[in-house]
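Since the structure comes first, as structure tokens, the remarks are kept for the end.
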Amino acid sequence: MSLFVIAACLAAGGLIGFMGGVLGIGGGLIAIPALVLLMGMSQQLAQGTALIMVLPAITMAVRKYNQQTRIDRRVAAAGAAGAVVFTWVGARLALGIDSSILRQSFAVFLFFIALFYVWQTWRAARPATRRPRADKGPAPTFTPRRAIALGILCGTLGGFFGVGGAVLAVPIITSVFRLPQTTAQALALSMVIPGSTIALITYAWAGQADWMVGLPLAIGSLLFVPVGVKLAYRLPERKLRICFALMLFATVGLLAFEA
């Protein structure tokens with residue numbers, strides 16, 4: 001690999017790490033379509049390579065989030081326990097299907113997540129007098145038992161799509177349990193670290209991870225994740241949701257273009 005490609009991967013990793021820190025997603029949603037579109041990788045190889053970058057990046061992001069607001073370790077550990085085995089199941093399913101079908105499924109999945117965020121942002125912006133009375137009731141508590149159930153769901157989808165499940169966990173935590181966006185991002189990322197490790201091992205064992213690309217991406221990402229997390233705590237929550245949704249729509253557009 002040329003020095004130019006390594007330098008480009010370092011720079012791309014820095015940008016992805018910054019955006020992932022701001023949005024609490026580990027950067028995989030940005031890296032996967034970029035690797036498919038710019039480097040011509042198959043969907044499976046792109047997902048495995050992205051995991052090389054994602055795993056250290058989300059570990060760094062969780063550390064930075066925890067410095068701002070203490071993460072509920074019991075809930076995070078329960079969610080992680082639920083995700084571990086089912087992340088492996090999802091990864092094995094992804095390795096057994098056609099790359100184009102996996103890419104199309106990935107795009108559809110992200111599209112509906114983005115629509116959910118748009119709806120959530122619009123709903124939060126409505127005047128309080130127009131909201132249903134049910135909105136004023138107490139939110140259910142995010143208990144370890146519920147975290148296990150969420151971990152199973154997110155682990156399966158995270159292993160299948162190579163994005164760790166945080167992209168699905170964040171909107172569920174914010175809408176169902178009504179936790180702040182940054183708290184949800186911190187919990188979601190901490191829940192997916194063990195599962196992401198299993199997913200990376202599974203993809204790498206199947207030969208679907210390019211370490212020469214993934215390692216420079218990881219190094220660049222680690223340098224800028226703390227900057228992104230710091231910015232996340234300064235942005236208004238509504239703007240953070242909008243940024244998250246726009247990024248998902250952009251990702252869907254990239255995947256559609258490649259198809």
Side-chain angles (χ1 to χ4, degrees), residues 1-2 5-6 8-9 12-13 15-17 19-20 23 25-58 83-116 152-169 192 195-218 220-221 247-259:
M1 179 180 290
S2 68
V5 174
I6 293 175
C9 288
L15 177 60
I16 292 169
M19 295 179 67
L23 301 172
I25 55 170
L29 290 179
I30 309 166
I32 292 170
L35 291 171
V36 170
L37 186 63
L38 300 177
M39 303 196 71
M41 291 185 178
S42 69
Q43 184 70 19
Q44 286 91 340
L45 181 58
Q47 291 181 183
T49 303
L51 281 167
I52 299 171
M53 180 200 72
V54 165
L55 187 55
I58 60 177
V84 168
V85 174
F86 287 86
T87 300
W88 178 84
V89 172
R92 292 305 307 170
L93 289 172
L95 290 168
I97 68 173
D98 182 75
S99 179
S100 61
I101 294 175
L102 180 61
R103 183 166 60 249
Q104 292 166 8
S105 301
F106 183 63
V108 171
F109 170 68
L110 296 186
F111 179 75
F112 281 104
I113 293 292
L115 282 182
F116 181 87
I152 291 172
L153 173 62
C154 296
T156 304
L157 291 174
F160 189 75
F161 293 122
V163 291
V167 64
L168 180 63
V192 303
S196 295
T197 305
I198 296 298
L200 175 56
I201 293 171
T202 305
Y203 278 94
W205 190 265
Q208 297 294 335
D210 188 332
W211 293 89
M212 294 301 293
V213 173
L215 288 176
L217 285 173
S221 178
M247 192 219 62
L248 293 182
F249 280 126
T251 303
V252 171
L254 285 173
L255 291 170
F257 178 79
E258 171 64 14

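- With sequence neighbours excluded, the residues that form a side-chain contact (heavy atoms from CB on, under 4.5 Å) with Ala12 are Leu217.
- When all heavy atoms of Leu51 and Gly162 are compared, the pair lying nearest together is CD2-O, 3.9 Å.
- Here the CD1-CZ distance, from Ile198 to Arg92, works out to 13.0 Å after rounding to the nearest 0.5 Å.
- Arg103 contributes atom CZ, which lies 13.5 Å from atom CE of Met41 (distance to the nearest 0.5 angstrom).
- Of all heavy-atom pairs between Leu200 and Leu55, the closest is CD2-CD2, 4.2 Å.
- For Thr49 (side chain) and Asp210 (main-chain N/O), a donor-acceptor pair under 3.5 Å exists by modelled atom type.
- Remark: Phe112 engages Val108, Leu115 in a side-chain contact (heavy atoms from CB on, under 4.5 Å) (not counting sequence neighbours).
- Around the CZ atom of Phe249, the shell of radius 6.0 Å holds more than 12 heavy atoms that belong to other residues, nucleotides or ligands.
- The distance from the CG atom of Leu35 to the SG atom of Cys9 is 8.0 Å, given to the nearest 0.5 Å.
- Residue Thr202 comes nearest to Ala91 through the heavy atom pair CG2-CB, 3.8 Å, listed as atom of the first residue, atom of the second, then distance.
- Shown here are the side-chain contact (heavy atoms from CB on, under 4.5 Å) partners of Phe86, two or more places apart in sequence or in another chain: Ile152, Thr156.
- Among all heavy-atom pairs drawn from Thr87 and Gly195, the shortest one is CG2-O, 3.0 Å.
- How far CD of Gln208 is from OG of Ser42: 5.0 Å, rounded to the nearest 0.5 Å.
- In terms of heavy-atom proximity, Ala204 sits nearest to Ala209 at CA-CB, 4.0 Å.
- A distance of 10.0 Å separates CE in Met53 from CD1 in Ile58, rounded to the nearest 0.5 Å.
- Remark: Leu15 pairs with Met19 by the side-chain contact (heavy atoms from CB on, under 4.5 Å) rule, at least two apart or across chains.
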Would you please test Gln43 and Ile32 for side chain to side chain contact (heavy atoms under 4.5 Å, CB included) and show each step? CA-CA 8 Å; Gln43 184 70 19; Ile32 292 170; 3.4 Å; yes
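- Note that CD1 of Ile97 and CZ of Phe160 are 3.5 Å apart. Values are rounded to the nearest 0.5 Å.
- Contacts of Ser100 classified as side-chain hydrogen bond (donor to acceptor under 3.5 Å, both in side chains), with partners at least two apart in sequence or in another chain: Asp98.
- Checked against ring pair (Phe, Tyr, Trp, His ring centres under 6.0 Å), Phe106 has the following partners two or more places apart in sequence or in another chain: Phe161.
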